[in-house]
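Residues take their numbers from the sequence shown, with the count starting at 1. Counting starts at 1 for both ligands and their atoms, in listed order.
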Amino acid sequence: MQKKMLIFLGSPGSGKGSLSQLCFRREGWQQLSTGNLCREHIVNKTEIGKTIDFAMKSGKLISDSLIISMVADWLRNNGSKHDTIILDGFPRTVEQAAALRELLLQPDFKGMKLILVRINVSDKIVHERLTGRTICQNNKCQVVYSIHPGSELGPMQEMVCDVCTSPLIRRQDDNARAIDERLQQYHKHETDLVNFYNSVDEKIIEINGEVPLEAVYDNLIKQLGTQNA
Ligand code: AMP
């Protein structure tokens, strides 16, 4: 079976994490969320955690060199164990995209197919979603939920994770000011990132992220099927 690396591009709140988690449950695809990695460092109060805490809370990006070394470490330890890997939230800059291309030249990743997927959601919907988002406080779980009444992402029991029964919490960067900063950061880098992938002839699969998660998932699977045909 050909190994694949799926890269989920899209603004904060576009549903990259929820889609990754659904792909993991349905398809068993391994997921690396760089945001989750960063939050783990902060909760565990590591040296890296102390360095990135302020930037993360205020919605700024972590330095390219630090995030690239975190991803490189993760890939070295986990990359060759899985047939399909999803990168959720990496790369976010051209520097990161170029570093990833270099990493994928290593023998462990020989023949791995890169598939880029961009999930498109308007900034207005992002604001609505993120102001109602909760996540599982267990840093090994971090499943995403919504407190909006009637949302498909509502937990079965109020403020309790369906998967591991830990309490749900609000993310520190899901406040109006940090959301604006994160959207600004996203838009600042998005065009350059797309231009970079165009320049190296990597096609981007475009997905509408404003529909229910099941429909986003179905669209992804359909488009991946078309690619393999
Ligand atoms: P996320 O969970 O993907 O929304 O990421 C939350 C935060 O983690 C971001 O606002 C950044 O502070 C940091 N972060 C995650 N991935 C990256 C990345 N690829 N480059 C820089 N910072 C990142």
Visitor: Heavy atoms under 4.0 Å from ligand 1: which residues qualify?
Guide: Thr34, Gly35, Arg39, Met56, Lys60, Leu61, Ile62, Ile67, Gly89, Phe90, Arg92, Gln96, Arg171, Asp173, Arg182
Visitor: Might you confirm whether atom CD of Glu102 has over 12 heavy atoms from other residues, nucleotides or ligands at distances under 6.0 Å?
Guide: no
Visitor: With a 4.0 Å cut-off, would you call Asp83 and Lys4 a salt bridge?
Guide: no
Visitor: Charged N to carboxylate O below 4.0 Å: is that the case for Arg76 and Asp73?
Guide: yes
Visitor: Any chance the side chains of Thr93 and His189 put a donor and an acceptor closer than 3.5 Å?
Guide: no
Visitor: Report yes or no: do Glu40 and Asn36 form a side-chain donor-acceptor pair below 3.5 Å?
Guide: no
Visitor: Would Glu181 and Lys57 pass as an ion pair if we require N to O under 4.0 Å?
Guide: no
